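Report on the structure given below.
Worth saying up front: this structure is predicted, and the values here are computed from it rather than measured. Proteins get letters first, then strands, A, B, ... in listed order; numbering begins at 1 in each.
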Protein chains: 2
Amino acid sequence: MPRGEGKFLIKQRAFLKLYMISFVEEHKVYGLQAMDELKAKFKQLGYEPQHSEVYRSLHELIDDGILVRRKKAIEGMKYKEVVVYELINLEKAKLYKKQVKTDLDRSMSLLRKALEDVY
Amino acid sequence: MPRGEGKFLIKQRAFLKLYMISFVEEHKVYGLQAMDELKAKFKQLGYEPQHSEVYRSLHELIDDGILVRRKKAIEGMKYKEVVVYELINLEKAKLYKKQVKTDLDRSMSLLRKALEDVY
DNA sequence: AAATGAACAGGCTGTTCATTT
DNA sequence: AAATGAACAGCCTGTTCATTT
């Protein structure tokens with residue numbers, strides 16, 4: 001059972017949770033909209049996050065006590081209502097972002113080192 | 001079943017295979033020695049590749065037709081003999097390295113973008 | 001159909017066990 | 001014990017199915 005030791009690169013889950021926090025801070029989006037935005041953003045890099053992983057990220061942020069769910073009637077079109085999220089604990093959010101930044105930097109260093117060593 | 005589409009970061013397997021090729025090019029090392037070298041190299045980045053994953057990388061490179069196994073009597077100390085590897089197909093090796101470089105660059109871009117977008 | 005969510009399945013990888021020298 | 005390898009187990013994540021609006 002991996003205990004978080006000896007780890008390789010950052011996990012997709014953490015990567016997405018980071019973006020979810022970022023979206024919520026900007027008062028944007030519900031689940032699928034976040035996914036579409038990310039797909040568009042990363043399309044040229046060949047990365048297409050799936051909806052289930054986006055939802056899992058959101059759910060986990062709720063379990064972490066960082067976000068809360070809120071139902072919201074849709075303003076204009078399409079269907080009735082969506083689930084939006086709000087920051088409930090800014091401190092926890094800041095801490096999480098800080099931790100993820102460390103992991104992102106570490107991951108970058110691993111990749112950079114390989115590029116330097118081998119090519 | 002993931003078909004290599006919509007993928008996130010480069011996999012540890014590919015990362016290690018790249019280093020294995022690099023080691024073999026320098027006529028270095030057998031399995032555990034390679035692992036120790038990598039552990040030392042990445043220790044400060046908190047990455048510690050496990051022996052089974054190193055062996056799997058080596059085996060896969062054999063399946064890929066890039067390396068061949070060769071038993072070699074140990075020169076000085078410790079125990080009797082180890083398994084060393086030789087490059088059998090330089091073209092394939094070059095191609096593989098090129099492919100991995102693409103994936104490394106792509107992965108770096110993903111991480112860099114997240115750092116730019118969120119922080 | 002859009003949106004959310006859960007169930008299911010498979011791949012990747014760490015831990016453990018087995019074998020040889 | 002060092003070295004190699006395979007078996008086993010668990011986590012992560014993509015695919016599929018179910019439900020609601």
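Atom pair A:L32:CG and D:dT20:C1' shows a separation of 13 Å (rounding to whole Å applied). One can place NZ of B:K7 at 13 Å from C1' of C:dC12, the figure rounded to the nearest angstrom. One interatomic measurement links the two molecules: NZ of B:K17 to C1' of C:dT13, which rounds to 15 Å at whole-angstrom precision. Taking atom CG on A:L16 and atom P on D:dT13, their separation rounds to 8 Å, with Å as the unit. Nucleotide D:dT13 holds its C1' atom 15 Å from the CE atom of A:M35, rounded to whole Å. One can place CD of B:E60 at 15 Å from C1' of D:dA6, the figure rounded to the nearest angstrom. We find that CG of B:L9 is positioned 16 Å from C1' of D:dG14, with the value rounded to whole Å. Taking atom CD of B:Q12 as the reference point, atom C1' of D:dC12 lies 14 Å away to the nearest angstrom.
Regarding contacts with the backbone of D:dT16, every side-chain N or O of A:Q50 stays at 4.0 angstrom or more from both OP1 and OP2. Contact check, A:Y55 against C:dG5: no side-chain N or O comes under 4.0 Å of OP1 or OP2. Between A:Q33 and C:dA2, a side-chain N or O to OP1/OP2 separation shorter than 4.0 Å is absent. In this structure, A:Y30 does not reach the C:dT4 phosphate: none of its side-chain N or O atoms is under 4.0 Å from OP1 or OP2.
On a pure distance criterion of 3.5 Å, no polar donor-acceptor pair joins the side chain of B:S52 and the base of C:dT16. A donor N or O paired with an acceptor N or O is found under 3.5 Å between the base of C:dG14 and the side-chain atoms of B:R56.
The pair A:E53-A:R56 meets the salt-bridge criterion, with a side-chain N (NZ, NE, NH1 or NH2) lying under 4.0 Å from an Asp/Glu carboxylate O. A:K17 and A:D64 are joined by a salt bridge, as a carboxylate oxygen and a charged side-chain nitrogen come within less than 4.0 angstrom of each other.
Across C:dT13, D:dC12, D:dA3, the shortest atom-to-atom separation from the side chain of B:V82 is found for D:dA3. With distances taken from any side-chain atom of A:R13 to the nucleotides C:dT4, D:dC12, C:dC12, the minimum falls on D:dC12.
Toward the 5' end of DNA chain D, the nearer of the two residues B:D36 and A:E53, judged by each one's closest nucleotide, is B:D36.
Remark: D:dA1 base-pairs with C:dT21. Criterion, Watson-Crick or G-U wobble with two distances under 3.5 Å. Under the Watson-Crick or G-U wobble criterion, with both distances below 3.5 Å, C:dG14 is paired with D:dC8.
Residue A:H51 is classed as a base contact, given a heavy-atom separation below 4.0 Å to a base.
At least one donor-acceptor pair under 3.5 Å links the side chain of B:R106 to the backbone N or O of B:F8.
Enclosure of atom NZ in B:K94 is not indicated, since only 12 or fewer non-hydrogen atoms of other residues, nucleotides or ligands lie within 6.0 angstrom.
A donor and an acceptor atom, one from each side chain of B:Y47 and B:Q12, are located under 3.5 Å apart.
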